[in-house]
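Scroll down for the structure; my scribbles are underneath it.
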Amino acid sequence: MERYQIGLATLELVRGDIVTQDVDAIVNAANEGLAEGGGVCGAIFRAAGSQELAAACRPLAPCPTGEARITPGFRLRARHIIHAVGPVYRRDDPDGSARLLASAYSSSLALATQHGLTSVAFPSISTGIFGYPVEEAARVALTAVRNALAAGGSVTLARFVLWDEGSLTAYRDAARALGLAPA
Ligand code: AR6
C-alpha cells in the first residue's frame, strides 16, 4: 500500500476489492441510468443486494456523465454508495474525456462532504468497460482527488482500490509524476 499526505488528508493506493472496504462510502463506476451493469458495478450491486439498491437508484436516475448520486450501502460494510458516472473514452476528444472523468471524482467528493463523510474508496473509474487508458486516467483521477482534498471538505481519507497489478502500477507512477508527498 502507498500513502500520501495532502493537507490534513491521506490518499492511499491499494490493490483489492472495493466491495469489502470498511469506509463511509465506496464509489461505484456507474452508468447514466444507475442500472446494474458489469465490472465493479455488478459486483457492488450483488454484494449490496441488487433489488434494494436498484430500487434506491431508480428515482435518482438519470445521472449525467461527470455527476454523482448517493444511496445507502445496504448489505455492504460501507454505509453509503456514491454512484459516479465516468465517460466512455473518446480517442478523438481526450481533453473532453479528462474533464468529465475529473468531474466524476470531484462530484463524488463534493457529495461526500455534503453528507459529512470522512472516508471514501474509489475504483479506477472508466478504465474497464468504458475504455479509458489507465495511465491517462490515473493522472486525471489523482489530480482531481488531490485538488478536491486540498480544497478542504469533510473527507480525510481517499483510498483508490485497484483490482489488478497493472492499474496499481499506473496509479503509483502517476502519483510519483505528480510529486505527491509520501505520508
Ligand atoms: N473492486 C475494485 N475494482 C474493480 C472491481 C472490484 N470488485 N471489479 C472490477 N474492477 P468497470 P467503467 C476494476 O468496467 O470502465 C458497468 O457496466 C476494473 O478492473 O467496472 O467505468 C457500469 O454499469 C477496472 O480497472 O467500470 C457502466 O455501464 C475498473 O474497476 C460501465 O460498466 C473499472 O472498470 C462502467 O465502466
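For the numbers below, each heavy atom of this structure counts, side chains included, while hydrogens, waters and symmetry mates do not. Remember, it's 1-based here, ligands and their atoms both numbered in the order they're listed. Everything quoted here is computed from the prediction, not taken from an experiment.
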| Top protein contact for atom 22 (C) of ligand 1, by heavy-atom distance | Ala29 O, 3.4 Å

| query | Between the side chain of Thr169 and the main-chain N/O of Glu165, is any donor-acceptor distance below 3.5 Å? | reply | yes

| query | What do you reckon, is CD of Gln51 surrounded by more than 12 foreign heavy atoms closer than 6.0 Å? | reply | no

| query | Got the closest protein heavy atom to atom 29 (C) of ligand 1, with its distance? | reply | Ser124 O, 3.3 Å

| said: Please list the nearest protein heavy atom to atom 28 (O) of ligand 1 with its residue and the distance rounded to 0.1 Å. | reply: Asn31 CB, 3.4 Å

| message | Counting only nitrogen or oxygen atoms and a 3.5 angstrom limit, does Ile129 reach ligand 1? | response | yes

| query | Between the side chain of Arg69 and the main-chain N/O of Pro62, is any donor-acceptor distance below 3.5 Å? | reply | yes

| task | Please report which non-hydrogen protein atom sits nearest to atom 17 (O) of ligand 1, along with the residue it belongs to and the distance in Å to one decimal place. | result | Gly38 N, 2.8 Å

| About how many Å separate CD of Glu12 and CZ of Phe160, when rounded to the nearest 0.5 Å? | 11.5 Å

| Contacting atoms of ligand 1, where contact means under 4.0 angstrom from a heavy atom of Gly39 | 20 (O)

| task | Using distance alone, determine whether Val40 and ligand 1 share an N or O pair under 3.5 Å. | result | yes

| Hey, is the main chain of Gly66 close enough, under 3.5 Å, to the side chain of Ser107 for a donor-acceptor pair? | yes

| field | atom 24 (C) of ligand 1: the protein heavy-atom neighbour that sits closest, reported with distance to 0.1 Å | value | Thr127 OG1, 3.8 Å

| Is it true that Asp22 and Arg79 have a side-chain N and a carboxylate O under 4.0 angstrom from each other? | yes

| query | Short N/O distance, under 3.5 Å, between Ala43 and ligand 1? | reply | no

| Is there at least one pair of N or O atoms, one from Phe130 and one from ligand 1, spaced under 3.5 Å apart? | yes

| said: So does Pro87 get a backbone contact from the side chain of Ser126, meaning a donor-acceptor N/O pair under 3.5 Å? | reply: yes

| query | Is the backbone N or O of Leu117 less than 3.5 Å from a side-chain atom of Ser154, with the two atoms forming a donor-acceptor pair by type? | reply | yes

| Protein heavy-atom partner closest to atom 1 (N) of ligand 1 - residue, atom, separation in Å | Ile18 N, 3.0 Å

| task | Give a yes/no verdict on whether any heavy atom in Ser126 is under 4.0 Å from an atom of ligand 1. | result | yes

| query | Below 3.5 angstrom, do we get any N/O pair linking Gly128 and ligand 1? | reply | yes

| Protein contact of atom 4 (C) of ligand 1 - nearest heavy atom, named by residue and atom, plus distance | Trp163 CB, 3.5 Å

| query | To which protein heavy atom is atom 7 (N) of ligand 1 closest, and what is the distance rounded to 0.1 Å? | reply | Asp17 OD1, 2.7 Å

| request: Check whether Ile82 and Leu60 end up in the same hydrophobic cluster, where Ile, Leu, Val, Met, Phe, Trp and Tyr are linked by side-chain heavy atoms less than 4.5 Å apart. | output: no

| query | Backbone N or O of Thr65 within a donor-acceptor pair of the Glu32 side chain at under 3.5 Å? | reply | yes

